Amino acid sequence: MARLNAIVRSLPSVETLGCTTVICSDKTGTLTTNMMSVSKVCVVRSVHQRPITDEYSISGTTFAPDGFIYDASENQLEFPPQSPCLLHIAMCSALCNESTLQYNPDKKSYEKIGESTEVALRVLVEKVGLPGFDSMPSALNMLTKHERASYCNHYWENQFRKISVLDFSRDRKMMSVLCSRKQQEIMFSKGAPESVMARCTHILCNDDGSSVPLTMDIRNELEARFQSFAGKDTLRCLALALKRMPEGQQSLSYADEANLTFIGLVGMLDPPRDEVHSAIHSCMSAGIRVIVVTGDNKSTAESLCRQIGAFEHLDDFTGYSYTASEFEGLPPLERANALRRMVLFSRVEPSHKKMLVEALQSHNEVVAMTGDGVNDAPALKKADIGIAMGSGTAVAKSASDMVLADDNFATIVAAVAEGRAIYNNTKQFIRYMISSNIGEVVCIFVAAVLGMPDTLVPVQLLWVNLVTDGLPATAIGFNKPDGNIMAVKPRKV
(Lines give C-alpha, C1' and ligand atoms only; values in the text may rest on other atoms or scores of the structure.)
Protein backbone atom coordinates (compact mmCIF):
# COMPACT_ATOMS: atom_id res chain seq x y z
CA MET A 1 0.00 0.00 0.00
CA ALA A 2 2.83 2.39 0.83
CA ARG A 3 4.38 1.74 -2.59
CA LEU A 4 1.07 2.94 -4.07
CA ASN A 5 1.46 6.20 -2.06
CA ALA A 6 -1.35 5.11 0.30
CA ILE A 7 -0.02 5.15 3.87
CA VAL A 8 -2.30 3.04 6.07
CA ARG A 9 -2.61 4.22 9.67
CA SER A 10 -5.18 1.61 10.73
CA LEU A 11 -4.76 -1.98 9.49
CA PRO A 12 -8.47 -2.98 9.74
CA SER A 13 -9.23 -0.16 7.30
CA VAL A 14 -7.51 -2.16 4.53
CA GLU A 15 -10.28 -4.74 4.74
CA THR A 16 -12.95 -2.03 4.80
CA LEU A 17 -11.49 -0.51 1.61
CA GLY A 18 -12.69 -3.51 -0.39
CA CYS A 19 -16.26 -2.91 0.87
CA THR A 20 -16.35 0.79 -0.05
CA THR A 21 -19.50 1.70 -1.97
CA VAL A 22 -19.17 5.52 -2.03
CA ILE A 23 -16.07 7.72 -2.29
CA CYS A 24 -16.65 11.37 -1.35
CA SER A 25 -13.71 13.18 -2.92
CA ASP A 26 -12.48 16.75 -2.68
CA LYS A 27 -12.10 18.48 -6.04
CA THR A 28 -9.15 20.83 -5.68
CA GLY A 29 -5.83 19.03 -5.43
CA THR A 30 -7.35 15.53 -5.50
CA LEU A 31 -9.20 15.50 -8.82
CA THR A 32 -7.22 18.49 -10.12
CA THR A 33 -3.51 19.33 -10.14
CA ASN A 34 -3.91 22.28 -7.69
CA MET A 35 -1.52 24.22 -9.96
CA MET A 36 -3.73 27.29 -10.19
CA SER A 37 -3.06 30.03 -12.69
CA VAL A 38 -5.10 33.08 -13.67
CA SER A 39 -6.34 32.46 -17.19
CA LYS A 40 -8.85 35.27 -17.79
CA VAL A 41 -9.75 38.67 -16.35
CA CYS A 42 -13.00 40.52 -16.94
CA VAL A 43 -13.40 44.25 -16.20
CA VAL A 44 -15.98 46.91 -17.02
CA ARG A 45 -14.74 49.09 -19.87
CA SER A 46 -17.32 51.87 -19.94
CA VAL A 47 -21.03 52.31 -19.34
CA HIS A 48 -21.39 54.61 -22.34
CA GLN A 49 -20.53 52.19 -25.15
CA ARG A 50 -20.92 48.57 -26.09
CA PRO A 51 -19.62 46.07 -25.23
CA ILE A 52 -19.69 47.08 -21.59
CA THR A 53 -16.97 44.64 -20.50
CA ASP A 54 -13.36 44.05 -21.49
CA GLU A 55 -11.86 40.57 -21.33
CA TYR A 56 -8.14 39.82 -21.02
CA SER A 57 -6.43 36.44 -21.34
CA ILE A 58 -3.19 35.62 -19.55
CA SER A 59 -0.59 33.12 -20.75
CA GLY A 60 1.41 30.84 -18.48
CA THR A 61 0.01 27.91 -16.49
CA THR A 62 2.54 27.47 -13.68
CA PHE A 63 3.67 29.44 -10.62
CA ALA A 64 6.51 30.97 -12.65
CA PRO A 65 5.96 34.75 -13.22
CA ASP A 66 6.41 34.26 -16.97
CA GLY A 67 3.52 35.19 -19.21
CA PHE A 68 1.81 37.98 -21.10
CA ILE A 69 -1.58 39.68 -21.06
CA TYR A 70 -3.66 39.80 -24.24
CA ASP A 71 -6.78 41.79 -25.05
CA ALA A 72 -9.97 40.44 -26.67
CA SER A 73 -8.34 40.81 -30.14
CA GLU A 74 -5.40 38.66 -28.96
CA ASN A 75 -3.02 41.61 -29.09
CA GLN A 76 -0.36 41.62 -26.39
CA LEU A 77 -0.53 44.56 -23.98
CA GLU A 78 2.77 46.43 -23.96
CA PHE A 79 2.07 48.24 -20.68
CA PRO A 80 -0.71 46.49 -18.70
CA PRO A 81 -0.50 48.90 -15.70
CA GLN A 82 -1.79 51.69 -17.95
CA SER A 83 -5.24 50.05 -17.70
CA PRO A 84 -6.81 51.39 -14.47
CA CYS A 85 -8.65 48.16 -13.68
CA LEU A 86 -5.60 45.93 -14.24
CA LEU A 87 -3.54 48.27 -12.05
CA HIS A 88 -6.07 48.10 -9.20
CA ILE A 89 -6.45 44.33 -9.65
CA ALA A 90 -2.69 44.04 -9.14
CA MET A 91 -2.87 46.21 -6.00
CA CYS A 92 -5.75 44.20 -4.54
CA SER A 93 -4.15 40.84 -5.44
CA ALA A 94 -0.86 41.78 -3.77
CA LEU A 95 -2.32 43.31 -0.60
CA CYS A 96 -5.40 41.15 0.04
CA ASN A 97 -3.21 38.06 0.17
CA GLU A 98 -1.65 35.82 2.84
CA SER A 99 0.46 33.55 0.60
CA THR A 100 4.12 33.56 -0.46
CA LEU A 101 5.79 32.77 -3.78
CA GLN A 102 9.47 31.91 -3.81
CA TYR A 103 12.11 30.35 -6.06
CA ASN A 104 13.76 27.07 -5.01
CA PRO A 105 17.27 26.95 -6.57
CA ASP A 106 17.70 23.26 -5.71
CA LYS A 107 14.57 22.18 -7.61
CA LYS A 108 14.89 25.05 -10.10
CA SER A 109 11.20 25.83 -9.78
CA TYR A 110 8.86 28.35 -8.16
CA GLU A 111 7.10 27.11 -5.03
CA LYS A 112 4.09 28.29 -3.06
CA ILE A 113 3.42 28.71 0.63
CA GLY A 114 -0.29 29.07 1.27
CA GLU A 115 -3.45 28.65 -0.78
CA SER A 116 -3.05 28.01 -4.52
CA THR A 117 -5.72 30.60 -5.37
CA GLU A 118 -3.81 33.32 -3.53
CA VAL A 119 -0.48 32.30 -5.08
CA ALA A 120 -2.11 32.49 -8.54
CA LEU A 121 -3.03 36.10 -7.74
CA ARG A 122 0.59 36.78 -6.71
CA VAL A 123 1.74 35.49 -10.09
CA LEU A 124 -0.83 37.69 -11.85
CA VAL A 125 0.64 40.75 -10.08
CA GLU A 126 4.05 39.90 -11.51
CA LYS A 127 2.63 39.52 -15.01
CA VAL A 128 0.81 42.87 -14.83
CA GLY A 129 4.00 44.65 -13.75
CA LEU A 130 4.35 48.15 -12.28
CA PRO A 131 3.55 51.65 -13.51
CA GLY A 132 6.59 53.54 -14.74
CA PHE A 133 9.80 52.77 -16.61
CA ASP A 134 11.04 50.20 -14.08
CA SER A 135 8.10 47.91 -14.84
CA MET A 136 9.10 47.26 -18.43
CA PRO A 137 9.60 43.56 -19.18
CA SER A 138 13.23 44.09 -20.11
CA ALA A 139 13.95 45.68 -16.71
CA LEU A 140 12.10 42.96 -14.76
CA ASN A 141 13.82 40.18 -16.71
CA MET A 142 17.21 41.49 -15.61
CA LEU A 143 16.41 40.46 -12.03
CA THR A 144 17.51 37.14 -10.56
CA LYS A 145 14.83 34.46 -10.34
CA HIS A 146 14.77 34.82 -6.57
CA GLU A 147 14.12 38.59 -6.83
CA ARG A 148 11.71 38.20 -9.75
CA ALA A 149 9.43 35.81 -7.81
CA SER A 150 7.81 38.63 -5.80
CA TYR A 151 9.34 41.89 -7.04
CA CYS A 152 6.05 43.58 -7.98
CA ASN A 153 4.25 42.20 -4.92
CA HIS A 154 6.93 43.63 -2.63
CA TYR A 155 6.60 46.99 -4.39
CA TRP A 156 2.89 47.27 -3.55
CA GLU A 157 3.44 45.96 -0.01
CA ASN A 158 6.00 48.72 0.50
CA GLN A 159 3.71 51.37 -0.99
CA PHE A 160 0.84 50.52 1.35
CA ARG A 161 0.80 49.88 5.09
CA LYS A 162 -1.53 47.13 6.26
CA ILE A 163 -3.62 48.26 9.23
CA SER A 164 -6.30 45.61 9.75
CA VAL A 165 -7.46 42.32 8.19
CA LEU A 166 -10.84 40.62 8.10
CA ASP A 167 -9.98 36.97 7.46
CA PHE A 168 -11.92 34.79 5.06
CA SER A 169 -14.96 33.07 6.55
CA ARG A 170 -17.20 30.52 4.92
CA ASP A 171 -20.41 32.39 5.67
CA ARG A 172 -19.16 35.63 4.05
CA LYS A 173 -17.00 33.82 1.44
CA MET A 174 -14.63 36.80 1.24
CA MET A 175 -11.73 38.54 2.99
CA SER A 176 -10.79 42.22 3.32
CA VAL A 177 -7.71 44.21 4.29
CA LEU A 178 -7.47 47.86 5.36
CA CYS A 179 -4.42 49.67 3.96
CA SER A 180 -3.03 53.18 4.27
CA ARG A 181 -1.04 55.21 1.75
CA LYS A 182 -0.27 58.94 1.90
CA GLN A 183 -2.87 59.51 4.63
CA GLN A 184 -5.53 57.77 2.59
CA GLU A 185 -7.23 54.61 3.86
CA ILE A 186 -8.45 52.02 1.35
CA MET A 187 -10.09 48.64 1.94
CA PHE A 188 -9.37 45.90 -0.62
CA SER A 189 -11.66 42.85 -0.76
CA LYS A 190 -11.68 39.57 -2.64
CA GLY A 191 -14.00 36.57 -2.55
CA ALA A 192 -16.71 34.56 -4.25
CA PRO A 193 -18.27 36.62 -7.07
CA GLU A 194 -21.83 36.25 -5.78
CA SER A 195 -20.79 37.48 -2.32
CA VAL A 196 -18.64 40.40 -3.45
CA MET A 197 -20.95 41.62 -6.22
CA ALA A 198 -23.92 41.59 -3.83
CA ARG A 199 -22.02 44.14 -1.68
CA CYS A 200 -21.00 46.38 -4.61
CA THR A 201 -22.82 49.61 -5.45
CA HIS A 202 -20.26 51.10 -7.89
CA ILE A 203 -17.85 49.90 -10.57
CA LEU A 204 -14.43 51.05 -11.71
CA CYS A 205 -14.32 51.89 -15.44
CA ASN A 206 -11.28 50.71 -17.37
CA ASP A 207 -11.39 53.54 -19.92
CA ASP A 208 -10.81 56.48 -17.59
CA GLY A 209 -10.58 55.04 -14.06
CA SER A 210 -13.84 56.68 -12.98
CA SER A 211 -16.27 55.15 -10.51
CA VAL A 212 -19.92 54.94 -11.62
CA PRO A 213 -23.04 53.39 -10.07
CA LEU A 214 -23.57 49.68 -10.67
CA THR A 215 -26.81 49.35 -12.65
CA MET A 216 -28.89 46.21 -13.14
CA ASP A 217 -27.77 45.98 -16.82
CA ILE A 218 -24.10 45.96 -15.83
CA ARG A 219 -24.80 43.49 -13.03
CA ASN A 220 -26.53 41.14 -15.48
CA GLU A 221 -23.63 41.46 -17.94
CA LEU A 222 -21.10 40.62 -15.24
CA GLU A 223 -23.26 37.71 -14.07
CA ALA A 224 -23.31 36.36 -17.63
CA ARG A 225 -19.49 36.63 -17.85
CA PHE A 226 -19.19 34.88 -14.50
CA GLN A 227 -21.40 32.00 -15.67
CA SER A 228 -19.38 31.74 -18.87
CA PHE A 229 -16.08 31.63 -16.95
CA ALA A 230 -17.37 29.08 -14.43
CA GLY A 231 -19.31 26.89 -16.85
CA LYS A 232 -17.88 26.80 -20.36
CA ASP A 233 -14.29 27.65 -19.40
CA THR A 234 -14.19 25.63 -16.12
CA LEU A 235 -12.52 28.50 -14.28
CA ARG A 236 -12.55 29.12 -10.54
CA CYS A 237 -13.67 32.72 -10.18
CA LEU A 238 -12.89 35.45 -7.67
CA ALA A 239 -14.22 38.99 -7.63
CA LEU A 240 -12.06 41.93 -6.47
CA ALA A 241 -13.32 45.20 -5.01
CA LEU A 242 -12.17 48.28 -3.09
CA LYS A 243 -13.62 51.02 -0.90
CA ARG A 244 -12.28 54.36 0.28
CA MET A 245 -12.46 54.50 4.07
CA PRO A 246 -12.62 57.51 6.46
CA GLU A 247 -9.23 59.03 7.18
CA GLY A 248 -7.62 57.65 10.31
CA GLN A 249 -9.71 54.44 10.54
CA GLN A 250 -7.71 51.75 12.34
CA SER A 251 -9.97 48.68 12.29
CA LEU A 252 -12.46 46.80 10.15
CA SER A 253 -15.84 45.25 10.92
CA TYR A 254 -18.18 43.11 8.82
CA ALA A 255 -20.43 46.16 8.43
CA ASP A 256 -17.63 47.89 6.49
CA GLU A 257 -17.96 45.30 3.71
CA ALA A 258 -20.76 47.24 2.02
CA ASN A 259 -21.01 49.87 -0.72
CA LEU A 260 -17.92 48.44 -2.43
CA THR A 261 -16.56 49.44 -5.84
CA PHE A 262 -16.19 46.46 -8.17
CA ILE A 263 -12.75 46.22 -9.84
CA GLY A 264 -12.84 43.01 -11.85
CA LEU A 265 -13.50 39.30 -12.15
CA VAL A 266 -10.59 36.87 -12.19
CA GLY A 267 -10.88 33.33 -13.61
CA MET A 268 -8.34 30.69 -12.55
CA LEU A 269 -7.59 27.47 -14.36
CA ASP A 270 -7.00 24.31 -12.33
CA PRO A 271 -6.79 21.44 -14.85
CA PRO A 272 -7.92 17.91 -13.90
CA ARG A 273 -5.27 15.23 -13.37
CA ASP A 274 -4.66 13.08 -16.45
CA GLU A 275 -5.28 9.78 -14.64
CA VAL A 276 -8.57 10.78 -12.98
CA HIS A 277 -10.80 10.00 -15.98
CA SER A 278 -9.75 6.33 -16.08
CA ALA A 279 -9.94 6.11 -12.26
CA ILE A 280 -13.57 7.33 -12.33
CA HIS A 281 -14.38 4.65 -14.92
CA SER A 282 -12.73 2.00 -12.73
CA CYS A 283 -14.95 3.07 -9.84
CA MET A 284 -18.08 2.85 -11.96
CA SER A 285 -17.24 -0.66 -13.20
CA ALA A 286 -16.43 -1.68 -9.61
CA GLY A 287 -19.85 -0.55 -8.36
CA ILE A 288 -18.38 2.37 -6.41
CA ARG A 289 -20.14 5.71 -6.65
CA VAL A 290 -17.99 8.86 -6.64
CA ILE A 291 -19.43 12.04 -5.12
CA VAL A 292 -17.38 15.18 -5.83
CA VAL A 293 -17.49 17.43 -2.74
CA THR A 294 -16.25 20.99 -3.25
CA GLY A 295 -16.65 24.52 -1.98
CA ASP A 296 -16.51 25.81 -5.54
CA ASN A 297 -19.28 27.38 -7.56
CA LYS A 298 -21.82 24.88 -8.92
CA SER A 299 -21.21 25.73 -12.61
CA THR A 300 -17.43 25.36 -12.30
CA ALA A 301 -17.75 22.04 -10.51
CA GLU A 302 -20.29 20.70 -13.03
CA SER A 303 -18.00 21.60 -15.91
CA LEU A 304 -15.08 19.77 -14.29
CA CYS A 305 -17.24 16.70 -13.54
CA ARG A 306 -18.15 16.60 -17.21
CA GLN A 307 -14.44 16.64 -18.13
CA ILE A 308 -13.43 13.81 -15.80
CA GLY A 309 -16.35 11.56 -16.81
CA ALA A 310 -18.39 11.74 -13.60
CA PHE A 311 -21.38 13.06 -15.60
CA GLU A 312 -20.86 10.77 -18.58
CA HIS A 313 -24.06 9.86 -20.49
CA LEU A 314 -25.95 12.63 -18.66
CA ASP A 315 -27.38 15.61 -20.51
CA ASP A 316 -29.43 16.96 -17.62
CA PHE A 317 -27.71 17.27 -14.23
CA THR A 318 -30.98 17.79 -12.34
CA GLY A 319 -31.12 15.33 -9.46
CA TYR A 320 -27.38 14.62 -9.71
CA SER A 321 -25.90 18.00 -8.73
CA TYR A 322 -26.79 19.90 -5.56
CA THR A 323 -25.42 22.82 -3.59
CA ALA A 324 -25.37 22.44 0.19
CA SER A 325 -28.23 24.93 0.60
CA GLU A 326 -30.34 23.15 -2.05
CA PHE A 327 -29.78 19.78 -0.39
CA GLU A 328 -30.66 21.07 3.08
CA GLY A 329 -33.89 22.54 1.71
CA LEU A 330 -35.16 19.22 0.34
CA PRO A 331 -38.01 17.33 2.08
CA PRO A 332 -36.92 14.03 3.75
CA LEU A 333 -38.21 11.78 0.93
CA GLU A 334 -36.57 13.82 -1.82
CA ARG A 335 -33.35 14.02 0.22
CA ALA A 336 -33.25 10.21 0.40
CA ASN A 337 -33.68 9.99 -3.38
CA ALA A 338 -30.98 12.62 -3.88
CA LEU A 339 -28.51 10.60 -1.78
CA ARG A 340 -28.99 7.58 -4.05
CA ARG A 341 -28.22 9.58 -7.22
CA MET A 342 -25.95 12.43 -6.14
CA VAL A 343 -22.72 12.92 -8.08
CA LEU A 344 -21.79 16.52 -7.15
CA PHE A 345 -22.13 18.38 -3.83
CA SER A 346 -20.97 22.00 -4.24
CA ARG A 347 -20.63 25.13 -2.10
CA VAL A 348 -20.09 22.96 0.97
CA GLU A 349 -18.69 23.84 4.37
CA PRO A 350 -16.83 21.29 6.56
CA SER A 351 -19.97 20.65 8.63
CA HIS A 352 -21.78 19.57 5.46
CA LYS A 353 -19.19 16.83 4.92
CA LYS A 354 -20.06 15.17 8.23
CA MET A 355 -23.77 15.56 7.47
CA LEU A 356 -23.27 13.86 4.09
CA VAL A 357 -21.34 10.95 5.66
CA GLU A 358 -24.03 10.37 8.28
CA ALA A 359 -26.79 10.54 5.67
CA LEU A 360 -25.05 8.01 3.39
CA GLN A 361 -24.30 5.66 6.29
CA SER A 362 -27.97 5.73 7.26
CA HIS A 363 -28.62 4.21 3.81
CA ASN A 364 -26.16 1.35 4.53
CA GLU A 365 -23.40 2.79 2.38
CA VAL A 366 -19.72 2.20 3.22
CA VAL A 367 -18.24 5.69 2.87
CA ALA A 368 -14.70 6.87 2.17
CA MET A 369 -14.24 10.61 2.75
CA THR A 370 -11.23 12.76 1.82
CA GLY A 371 -10.14 15.94 3.57
CA ASP A 372 -7.10 18.04 4.42
CA GLY A 373 -8.12 20.78 6.86
CA VAL A 374 -8.63 20.97 10.61
CA ASN A 375 -12.38 21.42 10.06
CA ASP A 376 -12.50 18.19 8.03
CA ALA A 377 -11.44 16.06 11.03
CA PRO A 378 -15.00 15.28 12.29
CA ALA A 379 -16.04 14.02 8.83
CA LEU A 380 -12.85 11.95 8.46
CA LYS A 381 -13.43 10.41 11.89
CA LYS A 382 -17.08 9.66 11.15
CA ALA A 383 -16.46 8.04 7.74
CA ASP A 384 -15.83 4.30 7.45
CA ILE A 385 -12.54 5.21 5.75
CA GLY A 386 -11.11 8.65 6.48
CA ILE A 387 -8.55 9.64 3.85
CA ALA A 388 -6.28 12.62 4.56
CA MET A 389 -4.06 14.40 2.07
CA GLY A 390 -0.28 14.22 2.47
CA SER A 391 -0.20 18.02 2.14
CA GLY A 392 -2.98 18.42 4.73
CA THR A 393 -2.87 19.39 8.38
CA ALA A 394 -1.61 17.14 11.18
CA VAL A 395 -5.10 17.16 12.74
CA ALA A 396 -6.66 15.75 9.56
CA LYS A 397 -3.97 13.07 9.31
CA SER A 398 -4.40 11.97 12.92
CA ALA A 399 -8.19 11.67 12.43
CA SER A 400 -7.83 9.59 9.25
CA ASP A 401 -7.35 5.88 8.56
CA MET A 402 -5.22 6.44 5.46
CA VAL A 403 -2.99 9.22 4.11
CA LEU A 404 -2.47 9.89 0.40
CA ALA A 405 1.18 10.83 -0.02
CA ASP A 406 0.52 12.27 -3.51
CA ASP A 407 -2.97 13.78 -2.90
CA ASN A 408 -4.18 11.88 -5.98
CA PHE A 409 -7.68 10.44 -6.47
CA ALA A 410 -6.26 7.62 -8.62
CA THR A 411 -4.32 6.46 -5.55
CA ILE A 412 -7.62 5.88 -3.70
CA VAL A 413 -8.84 3.63 -6.53
CA ALA A 414 -5.52 1.73 -6.55
CA ALA A 415 -5.79 1.33 -2.76
CA VAL A 416 -9.33 -0.06 -3.09
CA ALA A 417 -8.06 -2.62 -5.63
CA GLU A 418 -5.21 -3.55 -3.29
CA GLY A 419 -7.62 -3.85 -0.36
CA ARG A 420 -9.81 -6.21 -2.36
CA ALA A 421 -6.76 -8.25 -3.40
CA ILE A 422 -5.56 -8.55 0.22
CA TYR A 423 -9.00 -9.75 1.33
CA ASN A 424 -9.19 -12.31 -1.52
CA ASN A 425 -5.70 -13.64 -0.76
CA THR A 426 -6.47 -13.91 2.94
CA LYS A 427 -9.66 -15.82 2.14
CA GLN A 428 -7.80 -18.18 -0.19
CA PHE A 429 -5.08 -18.69 2.45
CA ILE A 430 -7.63 -19.62 5.12
CA ARG A 431 -9.57 -21.87 2.72
CA TYR A 432 -6.41 -23.74 1.72
CA MET A 433 -5.26 -24.20 5.33
CA ILE A 434 -8.64 -25.50 6.48
CA SER A 435 -9.07 -27.86 3.53
CA SER A 436 -5.53 -29.25 3.85
CA ASN A 437 -5.70 -29.69 7.63
CA ILE A 438 -9.14 -31.29 7.74
CA GLY A 439 -7.65 -34.53 6.40
CA GLU A 440 -5.26 -34.68 9.32
CA VAL A 441 -8.05 -33.97 11.82
CA VAL A 442 -10.29 -36.70 10.35
CA CYS A 443 -7.40 -39.18 10.25
CA ILE A 444 -6.48 -38.63 13.92
CA PHE A 445 -10.16 -38.58 15.02
CA VAL A 446 -11.02 -41.87 13.25
CA ALA A 447 -7.90 -43.55 14.66
CA ALA A 448 -8.86 -42.45 18.18
CA VAL A 449 -12.44 -43.73 17.78
CA LEU A 450 -11.30 -47.12 16.49
CA GLY A 451 -8.64 -47.44 19.17
CA MET A 452 -5.82 -47.55 16.65
CA PRO A 453 -2.29 -46.31 17.43
CA ASP A 454 -1.41 -42.64 16.58
CA THR A 455 -1.43 -42.29 12.79
CA LEU A 456 0.70 -39.12 12.86
CA VAL A 457 3.36 -38.42 15.43
CA PRO A 458 3.95 -34.75 16.53
CA VAL A 459 7.06 -34.42 14.33
CA GLN A 460 5.06 -35.47 11.28
CA LEU A 461 2.28 -33.00 12.13
CA LEU A 462 4.82 -30.19 12.44
CA TRP A 463 6.39 -31.17 9.12
CA VAL A 464 3.02 -31.20 7.35
CA ASN A 465 1.92 -27.85 8.82
CA LEU A 466 5.18 -25.95 8.43
CA VAL A 467 6.47 -27.27 5.12
CA THR A 468 3.74 -29.07 3.18
CA ASP A 469 1.00 -26.54 4.10
CA GLY A 470 2.81 -23.41 5.28
CA LEU A 471 4.95 -22.59 2.25
CA PRO A 472 2.19 -22.99 -0.41
CA ALA A 473 -0.28 -21.11 1.78
CA THR A 474 2.22 -18.24 2.18
CA ALA A 475 2.67 -18.14 -1.58
CA ILE A 476 -1.11 -17.88 -2.00
CA GLY A 477 -1.06 -14.85 0.33
CA PHE A 478 1.17 -13.01 -2.17
CA ASN A 479 -0.95 -13.71 -5.26
CA LYS A 480 -1.31 -10.79 -7.67
CA PRO A 481 -4.79 -9.19 -7.93
CA ASP A 482 -7.20 -10.81 -10.37
CA GLY A 483 -7.59 -9.01 -13.68
CA ASN A 484 -11.29 -8.38 -13.02
CA ILE A 485 -10.92 -7.31 -9.39
CA MET A 486 -12.30 -3.84 -10.19
CA ALA A 487 -15.10 -5.23 -12.34
CA VAL A 488 -17.09 -6.80 -9.50
CA LYS A 489 -19.46 -5.18 -7.04
CA PRO A 490 -18.25 -4.39 -3.50
CA ARG A 491 -18.75 -7.24 -1.05
CA LYS A 492 -21.13 -6.77 1.86
CA VAL A 493 -19.59 -5.88 5.22
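Just so you know, these numbers come straight off a predicted model, no measurement behind them.
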Please list every donor-acceptor pair under 3.5 Å in which a side-chain atom of residues 475-483 meets a protein atom from a residue at least two apart or in another chain.
{"unit_1": "Asn479", "atom_1": "ND2", "unit_2": "Gln428", "atom_2": "OE1", "d": "3.4"}

Those residues that, when tested against Asp406, pass side-chain hydrogen bond (donor to acceptor under 3.5 Å, both in side chains) (two or more places apart): Asn5, Thr411

Pairing residues for Glu15 by the side chain to side chain contact (heavy atoms under 4.5 Å, CB included) criterion, not counting sequence neighbours: Tyr423, Arg491

Pairs where residues 327-377 contributes a residue and the test ring-ring contact (aromatic ring centres under 6.0 Å, His included) is met, not counting sequence neighbours: Phe327-Phe345

Set of side-chain hydrogen bond (donor to acceptor under 3.5 Å, both in side chains) partners for Thr30, sequence neighbours left out: none

Compile the donor-acceptor pairs under 3.5 Å between side chains in residues 31-38 and protein atoms, sequence neighbours left out, one pair per line.
{"unit_1": "Thr32", "atom_1": "OG1", "unit_2": "Lys27", "atom_2": "O", "d": "3.4"}
{"unit_1": "Thr32", "atom_1": "OG1", "unit_2": "Gly29", "atom_2": "N", "d": "3.0"}
{"unit_1": "Thr32", "atom_1": "OG1", "unit_2": "Asp270", "atom_2": "OD2", "d": "2.6"}
{"unit_1": "Thr33", "atom_1": "OG1", "unit_2": "Met35", "atom_2": "N", "d": "3.3"}
{"unit_1": "Thr33", "atom_1": "OG1", "unit_2": "Asp270", "atom_2": "OD1", "d": "3.4"}
{"unit_1": "Asn34", "atom_1": "OD1", "unit_2": "Ser116", "atom_2": "OG", "d": "3.1"}
{"unit_1": "Asn34", "atom_1": "ND2", "unit_2": "Ser116", "atom_2": "OG", "d": "3.3"}

Qualifying ring-ring contact (aromatic ring centres under 6.0 Å, His included) pairs with a residue from residues 254-289, counting only residues at least two apart or across chains: His277-His281

Partners passing side-chain hydrogen bond (donor to acceptor under 3.5 Å, both in side chains) against Asn337 (at least two apart in sequence or in another chain): Arg340

Within residues 391-405 or reaching into it, pairs that qualify as side chain to side chain donor-acceptor pair (under 3.5 Å) - sequence neighbours excluded: Ser391-Asp407

ring-ring contact (aromatic ring centres under 6.0 Å, His included): pairs with one or both residues in residues 90-113, sequence neighbours excluded: Tyr103-Tyr110

Test side-chain hydrogen bond (donor to acceptor under 3.5 Å, both in side chains) applied to Glu302 - qualifying residues, sequence neighbours left out: Ser321

Side chain to side chain contact (heavy atoms under 4.5 Å, CB included) against Thr53, all qualifying residues, sequence neighbours excluded: Cys42, Glu221, Leu222, Arg225

